[in-house]
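Below is one structure, written out as structure tokens; comments come after it.
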Amino acid sequence: MTSAISRRSLFAATGVAAAAHVLTPALGSTVEAAELPVARGKGHPASMRPTYHFSVPDNWKNDPQRPIWVNGEYHYYYLYNADYLDGGGGTSWRRATTTDHVSFRDRGVAIPKFTNANGDCWSGSLVVDDRNTAGFGRGAIVALVTQAPEGRQAQYLWYSTDGGRTFRPGGAAPVLANPGTPDFRDPKVIWDEERARWFMANAEGRRIGFYTSPDLHRWTRVGEFSRDDLGLLECPDIFRMTADDGTTRWILGVSANGKSRGLPATYAYWTGRFDGVSFVPDAAEPAWLDHGFDFYGAVTYEHRDASGQIDPTVRHALGWANFWDYPHNTPTLVTDGYNGDDMIVRDLRLVRGSDTYYLASAPTAALRGYAFRQHRLGDVTVNGTRDLNVRSRAYELSCELVWDRGAHPENIGFEVCRAPEGGRHVAAGAFVNGPFTYVNRRPTINPTGGESQAPFDIGGGSLHVRLLVDHASVELFVGDGRVVHSHRAFPLASDDGIRLYSHGGATTFRDLRIRELRAPRRG
């Protein structure tokens, strides 16, 4: 995106048109609504709604908002449009709650769209005002939200005194007015404990503006963080974590677009130092929380232990399973009457690497509890290809890939979402001759085709992988999770096969396990 207008125009009044001509798949063809697979005996296309990933109940969702902890559960808000299929524009804030980051209960709309003259609510962030700094009462939930009356983006305050179920505007005027910047949005607010004040990171084109406030109403600009080589910066994030070596670092994150430099267009982040006014990164180049195509608008949020205390060594991340290059290009509009999924919630840990700190991702721990059938296949050696007897559309696969360091194979991996005859599939693995890991969704139905790649070190002669497959997504976690590839893909209902391959030499798929996953509670 180059401006807010282009991003918003992609969303306005497009639901009906998008449903009529769904997407451009692999193999150079186009799938029309009438060609989608029909569920036997039901007379309508087979469902593509994910089994264990979060999805909107109907119509549309996009940006996640940072979940907050209230009364023993996490409250997750996201942008929602109930009129999407009818061609209506605008977004409200819809709420869901969870205790384990897998099972979400829908709680309905908390901020209806077009509640006041300032227009619909876009992205922002929520805080629990335990100190009553804003004057709405101790424990009130305060949201700083972007609205754009007459096209001018600014930050407005909303508040809730009923535990986050409903919100009221805290006045008609912005608490942070636009000084004349076309892109001025997505405020992320945290409590700065050391200086006993609020801190805001605000997306302003190719920079992130820094502001402080004593009361969430009055904001003073104190600094900025600029980049001119990562496209338009959106959805900033700032937080502190304790690393595995016991040290504490700050992390500044942002949704960025590095495609012009051959980099991802997902969540970029820097570790560094923060003094309440400025952020100094440990390195100039960002790291990326995801190397795939569909982990945009991501947010991170704190982890609470069993007693409700914050654990500074763990954090969670949640990303929108889509991208603004093709936001409406999904057959779920026809099969299920909605458009909007998230990738799996991740558990993040800060790791001291050989040259810098980095965030290691893993599928959130509670996901293991949703396995209803496990296939322990042991050590499987492959030189060529091998098709597994296991067939599933929703599962986690894990193993250690081990090869001869003196005569390594060229290409190792998995064909998942594999059609009965094998023509359609998603390939995920490691091209050892690169060397890089990859996910290639070109051979199946997908929004735009393409293959994501990320380098890896072949020196150890092994590579641990975890692969999550659901009806509309494939996510590959590599090694300790420093590298992840997240992709949307739309295999047909019959495309549930799994093939192992090792070309140019043998590989042992050590301790190969497949856990079939059931649906969590919804609604």
Side-chain angles (χ1 to χ4, degrees), residues 7-8 10-16 18-19 22 47-67 74-98 101-114 120-126 143 145-146 164 167 185-186 234-235 255 266-267 293-299 301 317-345 447 470-473 486 488 490 519-520 522-523:
R7 172 176 171 175
R8 301 302 294 186
L10 280 171
F11 173 52
T14 54
V16 172
V22 181
S47 175
M48 289 187 173
R49 187 181 288 275
T51 293
Y52 59 92
H53 287 75
F54 180 88
S55 60
V56 67
D58 57 63
N59 280 279
W60 164 275
K61 82 170 291 294
N62 59 300
D63 294 5
Q65 310 304 308
R66 181 185 62 202
Y74 297 90
H75 293 234
Y76 168 41
Y77 299 79
Y78 57 90
L79 300 190
Y80 167 72
N81 177 16
D83 302 317
Y84 174 75
L85 290 176
D86 293 330
T91 52
S92 60
W93 277 36
R94 190 162 183 149
R95 180 175 66 114
T97 57
T98 183
H101 319 286
V102 180
S103 177
F104 288 84
R105 173 168 290 184
D106 178 57
R107 303 292 189 178
V109 171
I111 305 178
K113 62 181 179 181
F114 308 128
D120 60 332
C121 290
W122 301 0
S123 284
S125 59
L126 306 100
V145 175
T146 300
F167 286 78
R185 59 177 177 270
D186 307 339
E234 298 188 293
C235 304
S255 284
T266 60
Y267 180 106
F293 300 153
D294 296 298
F295 194 78
Y296 198 74
V299 293
Y301 59 104
L318 176 61
W320 181 43
N322 209 332
F323 188 65
W324 286 109
D325 284 357
Y326 43 80
H328 312 287
N329 213 357
T330 168
T332 58
L333 289 165
V334 176
T335 61
D336 299 275
Y338 86 98
N339 179 5
D341 305 326
D342 291 333
M343 290 299 175
I344 201 69
V345 174
D470 208 340
H471 292 201
S473 64
S486 296
R488 303 192 87 189
F490 304 102
R522 304 183 194 277

Got [X] and [Y] here, is their nearest side-chain heavy-atom distance under 4.5 Å?
| X | Y | value |
| --- | --- | --- |
| Trp60 | Leu79 | no |
| Arg95 | Phe167 | no |
| Ile344 | Ser486 | no |
| Arg94 | Pro57 | yes |
| Tyr296 | Asp325 | no |

For [Y], does its backbone N or O pair with a side-chain atom of [X] as donor and acceptor, under 3.5 Å?
| X | Y | value |
| --- | --- | --- |
| Glu234 | Gly297 | no |
| Ser103 | Pro520 | no |
| Asp470 | Ala472 | no |
| Asp120 | Lys113 | no |
| Asp342 | Leu318 | no |
| Arg107 | Tyr77 | no |
| Asn339 | Leu333 | no |
| Asn322 | Gly340 | no |
| Arg49 | Thr332 | no |
| Thr51 | Ala519 | no |

If you take all heavy atoms of [X] and [Y], which pair is closest and at what distance?
| X | Y | result |
| --- | --- | --- |
| Gly124 | Gln65 | N-OE1, 2.8 Å |
| Trp93 | Ser123 | CZ2-C, 4.2 Å |
| Pro64 | Gly319 | CG-C, 4.3 Å |
| Leu85 | Gly337 | CD1-O, 3.4 Å |
| Ala110 | Gly164 | CB-O, 3.9 Å |
| Ser47 | His471 | O-ND1, 3.9 Å |

Hey, what do you get for [atom1] ([X]) to [atom2] ([Y]), rounding to the nearest 0.5 Å?
| X | Y | atom1 | atom2 | answer |
| --- | --- | --- | --- | --- |
| Trp122 | Asp63 | CH2 | CG | 11.0 Å |
| Phe323 | Ser255 | CZ | OG | 9.0 Å |
| Phe114 | Thr91 | CZ | OG1 | 7.5 Å |
| Thr98 | His75 | OG1 | NE2 | 10.5 Å |
| Cys235 | Trp320 | SG | CH2 | 9.5 Å |
| Phe295 | Thr266 | CZ | OG1 | 7.5 Å |

Open item on the list: Testing the 3.5 Å rule here: is there a donor-acceptor pair between the side chains of Asp341 and His53?
Closed with: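 No - no donor-acceptor pair under 3.5 Å links their side chains.
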Open item on the list: Is a donor from one side chain sitting under 3.5 angstrom from an acceptor on the other, for Asp58 and Tyr80?
Closed with: yes
Task: Qualifying residues under ring-ring contact (aromatic ring centres under 6.0 Å, His included), relative to Tyr76, sequence neighbours excluded - done: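 With neighbours one apart ignored, the set is Phe54, Tyr78, Phe104.
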- [ ] Any chance you could lay out the side chain to side chain donor-acceptor pair (under 3.5 Å) test for Asp294 and Tyr326, step after step, and finish with the verdict?
- [x] CA-CA 10 Å; Asp294 296 298; Tyr326 43 80; 2.7 Å; yes
Open item on the list: Please evaluate residues Val345 and Tyr301 with respect to the criterion side-chain contact (heavy atoms from CB on, under 4.5 Å), reporting the C-alpha separation (whole Å), side-chain torsions for both, the decisive distance (0.1 Å), and the verdict.
Closed with: CA-CA 10 Å; Val345 174; Tyr301 59 104; 3.5 Å; yes
- [ ] Assign the ring pair His101 / Tyr74 to parallel, tilted or perpendicular, where the plane angle (0 to 90°) is split at 30° and 60°.
- [x]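 Rings of His101 and Tyr74: tilted, as their planes differ by 30° to 60°.
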